[in-house]
Every structure is written in structure tokens, then in C-alpha cells.
Amino acid sequence: MKRYFAVALGILTAIGGFVDIGDLVTNAVVGSRFGMSLAWAVVVGVVGICLFAQMSGRVAAISGRATFEIIRERLGPRAGTANLVASLLITIMTLTAEVGGVALALQLASGVQPLLWIPVAAFAVWLVIWRVKFSIMENVAGVLGLSLVVFGVALFLLGPDWGELKDQALQQTSHPRETPLTYWYYAIALFGAAMTPYEVFFFSSGGVEERWTEKDLVTSRANVLVGFPLGGLLSLAIAGCAATVLLPRGIDVDALSQTVLPVAMGAGQLGLAIVILGVVAATFGAALETGLSAGYALAQFNGWSWGKFRRPAQAARFHLTIIICLVVAVLVLLTGIDPILVTEYSVVFSAVALPLTYLPILVVANDPQYVGEHVNGRLLNAVSSVYLVVILVAAVAAIPLMILTKAGA
Amino acid sequence: MGLREAQSAVGSATLALTTSQDGDTTASVAETMVDEAGTRMTAASKQATAFKPTDQRTAAQMEAVTQALGDADTAVRHAGEALSGYPGAPSVRSALDELKQSSSDLERLAKKLEPPR
């Protein structure tokens, strides 16, 4: 019974924890500009993150080692350092976007300017990382993030023309107001939003934090293979709400308030309160994960003592890294930069950096020295190799498309 | 030339005002949305100002765009004032009418000027 409960809780946490500021913003932007015509990109991204997380979770459970310990070992110090720098920069960028997202959500709840909420949000993130037990932190944020299910409820209450949404999803054509280049730029953005590297650093390091063993492989697989796809449905519901309410009115999403407004129109003020709670939980949870991921990456790479299972004094450099990253995020946000803009760039750069971590994990998941008999099967290897090509194409195309479309303008 | 951004801002302010009037949204969310629409209008105006006309025809078009953006900016500002509800502020109904007028002006102008993107 206890095991079933653990599996169910893990799945719920995975659903609630799947959506972060990148998913919230990108899906709403895409829904408001392209309708459901990019739904396929969400599906491709969700399958990709399932493959990636499943492999890295298995490696962590069997070898007891997290992503960056393995990256340094397999790539050597020089290539490993380049990998670390790129991954760390993307993770700090994502952390900045998440802290900004918390501040924007609190602004919606209170009417107080986000600049005042930024230091408060960052301090709360640090305090929780410092004081709260890993499992409590992960489960509370994930379960509260489930409030975002209200996007799905609101979509039903809005009573959209389901046939039209289905046609948009199947036609996969660019909206008349958009160009094919912006269509592909946002396809990569959605892919990057679903396959953010920090999710994998956090997932594999979390496996080590929670001392996964071979016995936990079933739980880990269930979390990934059930939780993430259901999280992906939430992403589609966000896009569906925007496609129903904002697209016909010619409103392009560039603020969080526009993302949640369709919920208010469908489910009233109660729905609005629930969605704001969900956005705070999702962005706060993701800020915890990205903050920890930055600490994990640097500490694991350098062989420092790391993890929340140790007392902070025993993992001082790990905690110092997190504090420095949070300070950087706050300083960037206090310049007045729009957190939504940071989010839009972070998801695209996530796609650019993805091969750097995906390839080493794919190699190690096939190495019996690390995973013993639990190496990838033939089918998994075939699908993972196809994804390697997709990831490489997305990484190569992202920057040129960003320049050509002026970041999707 | 900033028309698309202006249309989006006016649409957003209209939606904020409508949902606030219907009681679907809270005052803080509606006010935030209208504030953001105002910021977007400023960006749209900047974009229009940066556009340098090369002949008399485009100069005339620019004049029409500037006029429409100015009207839209005023409509969004009035929406903010209507939401704040201080004495002498325009009523929500008149602010909505102004936004709708501005929206149809922008749409007409956009159809005339912009090729499909």
C-alpha cells in the first residue's frame, strides 16, 4: 500500500511539477498566435523529456551517480567544462525567469508591483532550499502545482469549437498573420520548454538525494511515463485556452495576466484564484528546482560535497552556489528586464544546450559499467537515436531562426 | 509599424474591462492588464516613430498610423481611469466604446497597410 501511495504521489508531483514559467508562457503565446497548430511540438517535447528523464533516472538509480558526475567522467575536463558553463548559464537564465514568474503571479494576486516581490520570492526560495526536507519541498510544490488543472476545466467551461481546435491541431499550418519562420521558431521554443535541461539535472540528482536503488525503477518510470504526459496535457490546455479566447481577438500574449485571463472568463473569480495559486506553486517549485540544479551541476562537476540529504555546513559550496545564482537572478530582474522576455529566450537557449547533456546520458545508458543489465533495449535506442537527430536539428536551427524572426516578433 | 502591437494592446484592455465589468476577474488583475496594455502602446508608438517615410505616400500613411496609435493610447489610458473609478473618470461603458472604436480603426488601417506576415 505504501508503495502504491509513493507511486501515486510521485505521479501527481510529476504532473504538477511539469509546468513551469516556460510552459505557461510559451504555450499561451503559441495558442494566441498559432491556435493549436503547434500541438505536435508539445507531443514531441513530452516524448523527448520522457526518454531523457527515464534514462537519467535509471542511470542515477543503478549507478548512484547524477548527471554532471557522469558528464565530467565521460567527456573529460575540457569538453566537460564547456558543457558545464553552457548548462549553468541556461539554468541561471531559467532560474531568473522562474523567480520573475513568482513575482508576476504575486502581482496578479496583490496588485503590488513585481519589482517589490522579486527579493521576497528569491529569499523564500533560498529559505525553503536551506530549511525544508527534499521530499516535502518536492511534493508540496508539485501537488499545489496541480491547481493548474483549472486550465483544463476552464477550457471545457469556455465551450470552444472542439472541431476547430482539432482542425487547427491536424492542419499544422501557420496562421495567416504569421510567417513559416515564426512557426518553426515557436516549434523549437515549445520543444525547449518541454525539454528543459534543468528538469533532468533535478530528476537524476533527486534520485540520488532520495537514495533510489534498482527497486525504485518502477516508481521512477511511472513518474516519468505517466506524470510527464499528463503534465503535457496541461500544456495543451493552456494553449487551448489561449487559442479559444485570445486568438480570435488578435491578442498576442506577452504578459502573465493574459495567460490566466481565459481561466477567469471560463471559471470566474474562483478559477482565477486557483490558477494564480497554481502559477505561484509551479513557478516557485521550478525556482527551487532550478536553484538546486545550478548547485548540483557545479558541485557534481567539481566533486564537491552536495545534496540536501547533507547538512548545509557539510555541503557549504553547494549552498553557496545556490545563493550566488539567486543573487544573480535578483540583480538581473531588478534592472527592470521583462521576466516574460527572459522566459522566451531561456526556452530557446534550452533547446540549443540540450545535446550537451542528452548525448552523454544516451551513451552512459548503454554502458554496462554504469547500469549493468539495465542498458537501453533496441527499441529504446532506436527512438533515442531519432531524438538525438531531432535535438541536434533544433539546437542548430534555434539561433538562426531567432535572428531571422527577431525572436519571434 | 506597431499596428499589430497596438491592436493586441487594445484587445487586451477591452478584455480586462469586460471581464471586470462581468465580475469574472479581480480589480488587481484587470488593472495589471490595462497597465501592461499601456506599456505595449508606448512600445508600439516607439516602433512607429522609428519608421522613416521615404516618399509622400508613406508619409501620409505614417500620419494616419500615428493618429490611430494616439487614439488607441488615449483609449487605453481612459480604460485605466475607468477601472480606478475616481471622481471625474470616464465610465466603464464609455471607455469600452472608445476601445471598440479604436480597435475597428486600427483593424481598418492594418488591412489597408500591412501585407500578411
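Numbered from 1 within each chain, the chains take letters A, B, ... in sequence-line order.
- Only the backbone of A:Ala109 comes within less than 4.5 Å of a heavy atom in chain B; its side chain stays farther off.
- Minimum heavy-atom separation, B:Ser8 to A:Asp252: OG-N, 2.9 Å.
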Inset, instruction - For side-chain hydrogen bond (donor to acceptor under 3.5 Å, both in side chains), just list the numbers for A:Gln269 and B:Thr25, CA-CA rounded to whole Å, side-chain angles, deciding distance to a tenth of an Å, and then say yes or no. - result: CA-CA 5 Å; A:Gln269 288 204 14; B:Thr25 190; over 6 Å; no
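- A:Ile251 contributes atom CD1, which lies 7.0 Å from atom OG1 of B:Thr14 (distance to the nearest 0.5 angstrom).
- Proximity of a side-chain donor or acceptor of B:Ser28 to a complementary backbone N or O of A:Leu108 within less than 3.5 Å is detected.
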Inset, instruction - Starting from the C-alpha separation in whole Å, work towards a yes-or-no answer on salt bridge (Lys or Arg N to Asp or Glu O under 4.0 Å) for A:Arg249 and B:Glu107. - result: CA-CA 11 Å; A:Arg249 293 170 170 85; B:Glu107 198 179 336; over 6 Å; no
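- Residue A:Leu270 does not touch chain B at all, counting heavy-atom pairs closer than 4.5 Å.
- The shortest side-chain heavy-atom distance between B:Leu15 and A:Met265 falls under the 4.5 Å cut-off.
- Ranked by heavy-atom pairs shorter than 4.5 Å toward chain A, the options B:Gly11, B:Ala30, B:Ala27, B:Ser103 are led by B:Gly11.
- Using a 4.5 Å cut-off between heavy atoms, B:Glu31 does not touch chain A at all.
- Within 6.0 Å of CD in B:Glu81 there are more than 12 heavy atoms belonging to other residues, nucleotides or ligands.
- At a 4.5 Å heavy-atom cutoff, the contact between B:Thr19 and chain A is made by side-chain atoms alone.
- Within the 4.5 Å cutoff, the side chain of A:Leu261 has no heavy atoms near those of the B:Asp24 side chain.
- With a 4.5 Å cut-off on non-hydrogen atoms, A:Ser32 does not touch chain B at all.
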